[in-house]
There are 2 protein chains.
Amino acid sequence: MAEPLPISDDDGLCEEGRDLIRGVLERIGDKWSVIVICQLGDTTRRFNELRRMSAPITQRMLSATLRGLERDGLVTRTVHDTKPPRVDYALTPRGTSLLEVVRALAGWAERNATGILDSRTAFDAAG
Amino acid sequence: MAEPLPISDDDGLCEEGRDLIRGVLERIGDKWSVIVICQLGDTTRRFNELRRMSAPITQRMLSATLRGLERDGLVTRTVHDTKPPRVDYALTPRGTSLLEVVRALAGWAERNATGILDSRTAFDAAG
DNA sequence: CAGAATCCTAGCAGATACTG
DNA sequence: CAGTATCTGCTAGGATTCTG
């Protein structure tokens, strides 16, 4: 026996989850998605309203970000045929559920912010 | 009254949290950090062991990723002065706590994976 | 084995200008 | 107001080579 030992395989807790996690992170890991999701929070917002709230985001990036979120069913886009035009964005239930998870992330960040900062300065000092 | 209304400010739930969240995402939002954290899971791993488990990561990126994680106090690096050299990496308590949050993220991803996929095809079909 | 050093490229994202 | 179109720089990250 003692076969070639193909590739050490892990505990299995993350093996299948790898693609899944990478998927979420590719969704919310970009520069603006979570910010926009946060600003949408619990109310409907208009395009330029979001733009101001998410400053300094550019029009181009807000547009692209919103389209991505809409594509994944995280936000809805409703066009009111008025003059001037008005477009409302809001979180879907799925988007809201994501916001919950993001808040958990923020909680962790809050609890560990200073610790991380300290570790960094220590690490850099050790040079 | 009715002042210039500087910039619409949000519900406050995310306002202060924005930098915090961006901070975490810049840490785990890169291509390899969470994968490495997952592989470290509950046991100590050696460099090339991690390399195989995290394939197809390159040496350069594994090295850089580990250094970043060590800098933030998420993993420890212990060098055994043997021949050939042996270096062990393991999660710190802080790293483990982050893994918990990441697992929550994975849970959300798991629950919403098919839904998102469906939304995407629907969105693309609507063209 | 565990890296460091170097080179190189795709694509993310900013700035700017234009449109219905 | 709510976007699109273009042009461009920057950098994350891959491939490869070298070392203690």
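Every chain is numbered from 1 and lettered A, B, ... according to where its sequence line falls, protein lines coming before strand lines.
Under the rule for a side-chain hydrogen bond (donor to acceptor under 3.5 Å, both in side chains), A:Asn48 has no partner lying at least two apart in sequence or in another chain. Considering only residues two or more places apart in sequence or on other chains, B:Val87 meets the side chain to side chain contact (heavy atoms under 4.5 Å, CB included) condition with B:Arg77, B:Val79, B:Tyr89. The side-chain hydrogen bond (donor to acceptor under 3.5 Å, both in side chains) check on A:Arg71 picks up B:Asp124, with sequence neighbours excluded. With sequence neighbours left out, B:Arg51 forms a salt bridge (charged side-chain N to carboxylate O under 4.0 Å, His left out) with no residue at all. Legend: residues meeting salt bridge (charged side-chain N to carboxylate O under 4.0 Å, His left out) with A:Arg22, ordered by chain and number and at least two apart, are A:Glu26. Legend: residues meeting side-chain hydrogen bond (donor to acceptor under 3.5 Å, both in side chains) with B:Arg120, ordered by chain and number and at least two apart, are A:Asp72.
Distance from the side chain of A:Arg67 is smallest to D:dT4 among D:dA2, D:dT4, C:dG14. Between D:dA15, C:dA2, C:dA15, one nucleotide has an atom nearer to the side chain of A:Thr58 than all others, and that is C:dA15.
Within residues 71-87 of chain A, the residues that have a heavy atom under 4.0 Å from DNA chain D are, in order of number, A:Arg77, A:Pro84, A:Pro85, A:Arg86, A:Val87. Residues from residues 23-33 of chain A lying near DNA chain C, meaning a heavy-atom separation below 4.0 Å, are A:Lys31, A:Trp32 in numerical order. DNA chain D lies under 4.0 Å from no heavy atom of any residue of residues 120-127 of chain A.
Atom CZ of B:Arg52 is separated from atom CZ of B:Arg45 by 10.0 Å, given to the nearest 0.5 angstrom. Atom CG of residue A:Leu40 and atom CD of residue A:Glu49 lie 9.5 Å apart, to the nearest 0.5 angstrom. Rounding to the nearest 0.5 Å places CZ of A:Arg18 at 9.0 Å from SG of B:Cys38. For the atom pair CG of B:Leu74 and OG of A:Ser119, the computed distance is 7.5 Å after rounding to the nearest 0.5 Å. Taking CZ of A:Phe47 as the start and CZ of A:Arg86 as the end, the distance is 14.5 Å to the nearest 0.5 Å. From B:Asp19, atom CG reaches atom CD1 of A:Ile35 across 8.0 Å, with rounding to the nearest 0.5 Å.
Separating the CG atom of A:Leu66 from the P atom of D:dG3 is a distance of 8 Å, rounded to the nearest angstrom. Spacing between atom CZ of A:Arg45 and atom P of D:dA2 amounts to 13 Å, rounded to whole angstrom units. As a whole-Å value, the separation of B:Asn48 CG from C:dG3 P is 9 Å. One can place CG of B:Leu62 at 15 Å from P of D:dA15, the figure rounded to the nearest angstrom. Distance A:Arg51 CZ to C:dA15 P: 10 Å, rounded to the nearest Å. Across the protein-nucleic acid pair, A:Glu49 atom CD and D:dC1 atom C1' stand 13 Å apart, rounded to whole Å. Protein atom CZ of A:Phe47 is 17 Å distant from nucleotide atom P of C:dG20, rounded to whole Å.
In this model, the phosphate group of D:dC1 is not approached by any side-chain N or O of A:Tyr89 to a distance below 4.0 Å at OP1 or OP2. Checking the phosphate oxygens (OP1, OP2) of C:dA4, a side-chain nitrogen or oxygen of B:Ser63 falls inside 4.0 Å. Regarding contacts with the backbone of C:dA2, a side-chain N or O of B:Arg46 is found under 4.0 angstrom from either OP1 or OP2.
In this structure, the helix from C:dC1-D:dG20 to C:dG20-D:dC1 shows an angle of 50° between the axis at its start and the axis at its end, each fitted on 5 base pairs and rounded to 10°.
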Side-chain atoms of residues 63-70 of chain A: list all donor-acceptor pairs with protein atoms under 3.5 Å, sequence neighbours left out, distances to 0.1 Å.
| residue | atom | partner | partner atom | Å |
| --- | --- | --- | --- | --- |
| A:Ser63 | OG | A:Arg67 | NH2 | 3.1 |
| A:Thr65 | OG1 | A:Met61 | O | 2.7 |

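In this structure, A:Thr78 contributes its side chain and A:Asp88 its backbone to a donor-acceptor pair below 3.5 Å. Put simply, the side chain of B:Thr121 gets close to the backbone of B:Asp118: a donor and an acceptor are under 3.5 Å apart. Between the side chain of A:Gln39 and the backbone N or O of A:Ser54 there is no donor-acceptor pair closer than 3.5 Å. A donor-acceptor pair under 3.5 Å is formed between the side chain of B:Thr92 and the backbone N or O of B:Gly73.
Each of A:Asp88 and B:Met61 was matched to the nucleotide of DNA chain D holding its nearest heavy atom; the match closer to the 5' end belongs to A:Asp88.
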Got a list of protein N/O to nucleotides 5-10 of chain D N/O distances below 3.5 Å?
none

